[in-house]
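All chains are named by letter (A, B, ...) in the order of the sequence lines, taking the proteins before the strands, and each is independently numbered beginning at 1.
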There are 2 protein chains.
Amino acid sequence: MRTDTTFKRAFNDMIDIIRTLDLGEELPSENALRAQLGVSRTTVRKVLAGMSARGIIISEAHRRIIGEQPRQIERYPKEETLAISEQVETSFMEWMLRGDACPGTEINEAELARKFGVATTIVREFLNRFQKYGLIEKRQNAGWVFKGFTASFALELFEIREMFEMRSARLFAALPDGSPVWKQIQAMRAAHLELLADIDARFQDFSELDSRFHRLITAVAPNRFIESFQDVITMVFHYHYQWNKRDERARNEVAIREHLALIEALESRNIASIDRACRLHLTSARETLLRSIA
Amino acid sequence: MRTDTTFKRAFNDMIDIIRTLDLGEELPSENALRAQLGVSRTTVRKVLAGMSARGIIISEAHRRIIGEQPRQIERYPKEETLAISEQVETSFMEWMLRGDACPGTEINEAELARKFGVATTIVREFLNRFQKYGLIEKRQNAGWVFKGFTASFALELFEIREMFEMRSARLFAALPDGSPVWKQIQAMRAAHLELLADIDARFQDFSELDSRFHRLITAVAPNRFIESFQDVITMVFHYHYQWNKRDERARNEVAIREHLALIEALESRNIASIDRACRLHLTSARETLLRSIA
DNA sequence: CATATGTTTCTTATGTATAAAAAACGAGGG
DNA sequence: CCCTCGTTTTTTATACATAAGAAACATATG
């Protein structure tokens with residue numbers, strides 16, 4: 001019943017590990033592989049068995065050596081490495097953002113399960129987790145209501161985001177000179193400049209950098225509720241912009257420049273300029289989002 | 001498989017409705033009852049059938065009249081009116097707050113299900129929903145970790161709470177004189193004074209009033225993320241203090257006075273006094289919570 | 001024909017089943 | 001003994017089943 005996506009992902013990762021080894025070389029211990037692959041030893045052994053069956057690994061008494069280099073073909077396709085719950089997430093996001101789900105639409109667990117081709121249990125579990133994003137609401141003994149990816153959603157989101165980011169930026173600036181974060185922020189600036197230099201080709205890399213930047217600022221004074229809210233933001237940007245590529249290059253370039261301005265403000269330690277830079281960035285991000293919703 | 005708690009709750013509520021009617025009087029239509037009881041007509045009919053079987057209602061051709069007044073005995077006990085998912089919530093809270101669950105404890109779905117005497121599915125569903133409270137964390141393909149009801153939890157909670165409440169209080173004070181909220185806040189003050197006058201007997205009623213007060217202030221500028229955060233606060237106070245009765249009367253009396261001060265500040269429309277009153281209240285609430293955790 | 005009741009169909013809440021994955025246990029070898 | 005590997009037990013992810021509840025449809029009655 002359970003899918004073997006963990007195995008398949010580990011198998012693919014194992015191929016990469018073997019690539020770094022020479023023919024005839026002995027493999028690391030199961031335990032070492034377990035740590036490298038981030039799975040249980042049970043799964044490691046399954047992977048090893050699979051590779052043995054394919055002749056990639058030759059198992060002799062109490063030792064395992066590389067028999068032949070695996071070929072690219074032997075990798076499992078990406079889809080098969082995603083747990084059903086992850087597939088449901090993608091399906092749902094697509095249904096929500098590109099489908100005709102308008103505000104107020106009733107969400108039917110059974111119907112979604114049929115549409116996505118999965119069990120109701122898993123749709124239900126997903127919806128329960130997804131609830132925290134504030135886009136759906138449960139009604140007792142009935143289904144869910146989709147509240148809509150609307151302007152008011154964006155406004156409420158950014159109201160909170162502003163409070164949280166201003167708070168973090170201020171705390172950040174208050175750190176002592178000796179703190180290692182100042183090095184990290186330097187590295188961040190370098191990464192931004194690099195991306196900016198090659199913006200035409202790499203503008204799609206911004207989304208990940210954006211998330212890392214904001215998390216770095218937040219991390220100096222950890223608060224689980226703020227971190228959890230960042231998930232909301234990440235989700236919104238990840239999925240929403242995945243289906244809304246309009247002006248993506250320009251949008252990202254603007255954001256990079258705003259980040260650079262904020263970095264400079266942080267380094268100046270001047271609260272007023274930090275507030276200004278922070279607010280400027282958030283306002284522009286909000287306007288961009290609002291424009292793409294309308 | 002599904003429990004009939006909805007029916008039992010509706011049945012109990014129906015007893016109260018019948019109490020307001022006279023012997024031989026005709027009952028409202030199924031549809032009217034449906035609206036009053038807040039359930040589906042299917043459930044209403046089941047309740048009516050149950051009452052007919054007991055002789056409380058006499059069904060003649062196309063009309064139903066009261067046959068005899070139901071007795072208190074015939075009510076279903078409270079426990080049977082709680083959905084399994086609600087029972088799981090209570091069980092879990094008790095396990096967490098009074099049991100020996102120290103920070104870092106691993107939470108085992110299967111074990112909890114056995115302990116609570118329910119299916120694993122429902123424990124899993126509960127944990128997924130409960131995740132948003134920031135007290136537990138999921139680990140891929142493994143169980144959950146209980147992060148602990150610790151001082152840092154309380155501090156992080158109050159950091160957010162302060163931001164949110166200050167924001168709401170300021171927006172509240174900015175409302176025009178004509179706004180109906182000023183009447184509501186008057187009523188709130190009256191409710192507080194009433195409770196204060198009878199504090200020795202009714203101190204346990206404070207918890208609900210507290211929640212209502214904070215929600216009233218928040219409601220003037222709705223934000224789904226803030227509202228959702230209030231659920232966290234409500235949960236904390238509801239359950240934590242349920243198992244921590246120390247100084248309850250004194251604690252609540254202090255809080256009531258602080259609320260009254262905040263009400264006065266709000267009415268003064270003076271931002272500085274609002275901030276002061278608000279912060280004072282939150283500081284004292286935080287200290288109280290911290291003291292009870294230590 | 002509008003409203004109330006009877007009937008049928010669909011959905012949700014909750015239990016059970018099972019393969020995959022993790023963890024625990026155990027035995028040899030350096 | 002510590003580490004590695006083989007084996008057994010436990011737990012999780014996911015599917016499926018079904019009674020309770022909601023909703024839709026149908027019929028009757030004033």
query: When you check the side-chain N and O atoms of B:Asn12 and B:Thr81, is any donor under 3.5 Å from an acceptor?
result: no
- line: The residue among A:Leu157, A:Val232, A:Val236, A:Ile233 that forms side-chain contact (heavy atoms from CB on, under 4.5 Å) with A:Tyr133 is A:Val232
task: For the pair B:Tyr76 and B:Phe11, name the ring-plane relationship: parallel under 30°, tilted 30 to 60°, perpendicular over 60°.
output: perpendicular
Identify the pairs formed between an N or O of the protein and an N or O of nucleotides 15-20 of chain D at a distance under 3.5 Å, and give each distance.
from   : atom 1 : to       : atom 2 : distance (Å)
D:dA15 : OP2    : A:Ala119 : N      : 3.2
D:dC16 : N4     : A:Thr121 : OG1    : 2.8
D:dA19 : O4'    : B:Met1   : N      : 3.0
D:dA20 : O3'    : B:Thr3   : O      : 3.2
D:dA20 : N3     : B:Arg2   : NH1    : 3.1

- request: Return the value, rounded to whole Å, for the distance between atom CD of A:Glu109 and atom P of C:dT14.
  value: 12 Å
statement: Whole-Å distance, A:Glu125 CD to D:dA13 P, equals 7 Å
message: Between P on C:dA4 and CZ on B:Arg34, what's the gap in Å once rounded to a whole number?
response: 11 Å
message: Would you say A:Arg114 and A:Asn108 are linked by a side-chain donor-acceptor pair, where the criterion is simply a distance under 3.5 Å?
response: no
query: Which whole-number value in Å describes the distance from B:Ile107 CD1 to D:dT11 P?
result: 14 Å
task: Mind calculating the distance between CZ (A:Phe126) and C1' (D:dT14) to the nearest angstrom?
output: 16 Å
field: Rounded interatomic separation in angstrom, taking CZ from B:Arg63 and P from C:dA4
entry: 14 Å
field: Residue met sooner reading DNA chain C from 5', once B:Asn141 and A:Gln140 are mapped to nucleotides
entry: A:Gln140
field: Atom-to-atom span, CD of B:Glu30 to P of D:dG21 - whole angstrom
entry: 16 Å
message: Are there over 12 heavy-atom neighbours, none belonging to A:Gln69, within less than 6.0 Å of that residue's CD?
response: yes
task: Please answer whether the main-chain N or O of B:Arg71 pairs with a side-chain N or O of B:Glu74 as donor and acceptor at a distance below 3.5 Å.
output: yes
What does the list of N/O pairs under 3.5 Å between the protein and nucleotides 23-30 of chain D look like, with a distance for each?
from   : atom 1 : to      : atom 2 : distance (Å)
D:dA23 : N6     : B:Thr42 : OG1    : 3.3

- prompt: So what does A:Lys138 hit on the nucleic acid, given a heavy-atom distance under 4.0 Å: a base, only sugar-phosphate, or nothing?
  reply: sugar-phosphate
- prompt: If you find the nucleotide of DNA chain D closest to B:Thr43 and the one closest to A:Glu86, which residue's nucleotide is nearer the 5' end?
  reply: A:Glu86
- prompt: So B:Phe164 and A:Phe164, would you call those rings parallel, tilted or perpendicular, with 30° and 60° as cut-offs?
  reply: parallel
task: Kindly assign one of parallel, tilted or perpendicular to the pair A:Phe130 and A:Phe126, based on the angle between their ring planes and the thresholds 30° and 60°.
output: parallel
message: If you compare every side-chain N and O of B:Asn108 against the phosphate oxygens of D:dT11 (OP1, OP2), does one of them come in below 4.0 Å?
response: yes
query: Roughly how many Å is it from CG in A:Asn31 to C1' in D:dG6, rounded to a whole number?
result: 13 Å
- prompt: Hey, are B:Ser52 and B:Ser59 close enough side-chain-wise for a donor-acceptor pair under 3.5 Å?
  reply: yes
- prompt: The side chain of A:Arg45 lies closest to which of these nucleotides: D:dG6, D:dT14, C:dA22?
  reply: D:dG6
